[in-house]
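Before any comments, here is the structure.
We use all heavy atoms of the structure for the numbers below, so side chains are in, but hydrogens, waters and symmetry mates are not. All figures in this text were calculated on a predicted structure; none of them were measured in a lab.
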Amino acid sequence: MGFQLDDLHAFSKVAQLRSFSAAAATLGITSSGLSKTIGRLESELGVQLLNRNTRSVAVTPEGELFLADTLRLLALSDEIQNEIKLRQTKPSGLLKVNVSTTMGRLMLIPRLPELFELQPGLRLDLRFTDQPEDLILTGRDVGIWFGELPDRYVKHRVLARTSRITAASPIYLKQFGTPKSIEDLATHRCLATTGWGTRMNWRFKDQSTFDKLHLNPFLQVNSVEALRACVLHGLGIAQGSSLLLNRELISKGQLVQLFPQEVTPGENISAIYPHGKQGNPLTHVFIQFVTNIMETRAHGIRTSRSD
C-alpha cells in the first residue's frame, strides 16, 4: 500500500520532539492513533525507526537515516505548495519571528515600513533574542540567526556570509594616526567585547603576526552595539562583523576600514525554521526581504540564494 506524506510528517514530529504525547498534541491526534501510524510505517519499511518505553522515545540508527530523507521530502513538498500559493494571492496573517538583538535594531527595524508597504496583509510578532530557542516547542515560525546553527533538526538557509572588518573613526585616526601594518596595533587603543578573556581575539590572514603582539584591550564593552558606538565616537580601533561595521558607515566617512587586504571570513547569517514552516508563504516573503536587506546594506557580506 505504501505510506503517505501524513505518515512521514507524523514520524518527523515524534523524532524531533522525542515524545508521542507531545507530537500527538502538536498534530491534533491521539497518542494511540499516532502509535499505530508509526507502527504501520515501520511495517511498510521493514525496519524499526523508534525505540520507545514508558518514559522516552529514541530514534534508531535506521530511523536517523530515514529522518534525514523524510525532512528533505517534506521540505520539497512544502516548497511546491508554497510556490502554488504565492502564484495565487499575496500572503496575509501573523508571522512569529526571532531575530538577534543587534540585527533587529540596526538592520530590520529601519526597513520594516518598506516591508509592510510591500506586504500589507503581514503582521509580525518580533522577539529579539541572542539565545538559542527551540522554535518547535515555542511555536515560532522563523528565526534570523547569526553564527553557528543551534539545532540540527531545524531547516536552514544561509542568507549571507559576513567578513571580519577592522575599522576606526576619522576622529580617532586624526588624533592617534593611522596604523600602516598589523604590528602598529601595539601602539594603538584596541577595543573589544567581553566574554573572550583578556586577550584580543581578532582574526587576520596574517594571524601569526597579530598573535605575537599579545594585545590587551584598551576598552571592553559587553555588547556589539556598544562596541559600534565606541568606534564611531573615536574611542579606538575595533574589529567586528561586516554586519556591524558596514558599507554604509564606511561610504559615509563615519568609519575608515583598516587592513582591507587582511580581511577574513566571518559568521554566516541564516534563516532557520521548523520543517513545515517553510511552506508558509509569509516565511518565504520575510526571508526574501531579509536577503534583500543584506544585499543593500552590508559591506563585506556575500548573499546566498541556495538552501
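A donor-acceptor distance shorter than 3.5 angstrom exists from the side chain of Thr162 to the backbone of Glu267, with no hydrogens or angles considered. A distance-only check finds no donor-acceptor pair linking the side chain of Ser270 to the backbone of Ile272 [under 3.5 Å]. Formation of a donor-acceptor pair under 3.5 Å by the Thr60 side chain with backbone atoms of Leu49 is found in this model. No donor-acceptor distance shorter than 3.5 angstrom exists from the side chain of Ser35 to the backbone of Ser31, with no hydrogens or angles considered. Checked by atom type and distance alone, the side chain of Asn246 pairs as donor or acceptor with a backbone atom of Leu249 at under 3.5 Å. Using modelled atom types, no side-chain atom of Arg164 and backbone atom of Ser241 make a donor-acceptor pair closer than 3.5 Å.
By the rule that hydrophobic residues join a cluster once side-chain heavy atoms approach within less than 4.5 Å of another member, Leu73 and Ile38 end up as members of one cluster. Leu65 and Val59 sit in two unconnected hydrophobic clusters of ILVMFWY residues. Membership requires side-chain heavy atoms under 4.5 Å apart, directly or through other members. A single hydrophobic cluster is not seen to contain both Leu173 and Ile171; linkage of ILVMFWY side chains at heavy-atom distances under 4.5 Å, directly or through other members, places them apart. Grouping the Ile, Leu, Val, Met, Phe, Trp and Tyr side chains by contacts below 4.5 angstrom, directly or via other members, places Ile109 with Leu243.
No side-chain heavy atom of Leu191 sits less than 4.5 Å from a side-chain heavy atom of Val221. In this structure, the side chains of Val256 and Thr178 stay at 4.5 Å or more apart for every pair of heavy atoms. At a threshold of 4.5 Å between non-hydrogen side-chain atoms, the residues Phe116 and Leu124 count as touching. Taking 4.5 Å as the limit, some side-chain heavy atom of Phe289 sits within range of a side-chain heavy atom of Arg111. When side chains are defined from C-beta on, Phe66 does not count as touching Val47, because their heavy atoms never get closer than 4.5 Å. Under the 4.5 Å side-chain criterion, counting only non-hydrogen atoms from C-beta, Phe210 is not in contact with Glu262. Contact check for Gln288 versus Thr291: side-chain heavy atoms found under the 4.5 Å cut-off. No side-chain heavy atom of Met103 sits under 4.5 Å from any side-chain heavy atom of Leu108.
Between Trp145 atom CH2 and His156 atom NE2 the span is 14.0 Å, to the nearest 0.5 Å. Atom-to-atom distance recorded for His9:NE2 and Leu71:CG is 11.0 Å, nearest 0.5 angstrom. In this structure, CZ on Arg123 lies 5.0 Å from CG on Leu94, to the nearest 0.5 angstrom. With rounding to the nearest 0.5 angstrom, the CG atom of Leu41 is 8.5 Å from the OG1 atom of Thr37. Atoms CG and CG, on Leu227 and Leu232 in that order, are 9.5 Å from each other to the nearest 0.5 Å. Note that the CG atom of Asp6 and the CG atom of Leu27 stand 9.0 Å from one another [nearest 0.5 Å].
The two atoms that bring Arg189 and Tyr172 nearest to each other are N-OH, 3.0 Å, heavy atoms only. Closest approach of Ala186 to Leu213, counting heavy atoms only: CB-CD2, 4.3 Å. Minimum heavy-atom separation, Ser163 to Val263: CB-CG1, 3.6 Å. Here the closest heavy-atom approach between residue Ile293 and residue Met107 is recorded as CG2-CE, 3.6 Å. Nearest heavy atom pair, residue Gly104 against residue Pro110, reads O-CD, 4.4 Å. Summarising the geometry of Ile237 relative to Pro179, their closest heavy-atom pair is CD1-CG, 3.8 Å, with the distance given to 0.1 Å.
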For this session: Using the side chain to side chain contact (heavy atoms under 4.5 Å, CB included) rule, take Phe286 and Asp141 through it: C-alpha gap first, then chi angles, then the decisive distance, then the call.
Result: CA-CA 11 Å; Phe286 183 79; Asp141 297 308; over 6 Å; no
Problem set entry | Candidate pair Arg140 and Asp125, rule side chain to side chain contact (heavy atoms under 4.5 Å, CB included), full reasoning | CA-CA 9 Å; Arg140 309 297 290 178; Asp125 174 353; 3.2 Å; yes
For this session: Apply side chain to side chain contact (heavy atoms under 4.5 Å, CB included) to the pair Leu34 and Lys13, showing each step before the final yes or no.
Result: CA-CA 10 Å; Leu34 179 56; Lys13 283 295 181 185; over 6 Å; no
Problem set entry | Full working for side chain to side chain contact (heavy atoms under 4.5 Å, CB included) between Leu244 and Val231 | CA-CA 11 Å; Leu244 190 72; Val231 181; over 6 Å; no
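Side chains of Asp130 and Thr101: a donor on one and an acceptor on the other come within 3.5 Å. Side chain to side chain, Glu225 and Ser223 fail the donor-acceptor criterion of an N or O pair below 3.5 Å. A donor-acceptor contact closer than 3.5 angstrom is absent between the side chains of Thr102 and Ser100.
Remark: of the listed residues Leu45, Leu50, Asn51, Asn51 is the sole one forming a side-chain contact (heavy atoms from CB on, under 4.5 Å) with Gln48. Just one residue in the list Asp206, Thr166, Ile165 forms a side-chain contact (heavy atoms from CB on, under 4.5 Å) with Phe259, and that residue is Thr166. Ile287 pairs with exactly one of Val142, Leu282, Asn292 by the side-chain contact (heavy atoms from CB on, under 4.5 Å) rule, that one being Val142.
At most 12 non-hydrogen atoms from other residues, nucleotides or ligands lie less than 6.0 angstrom from CD of Glu117.
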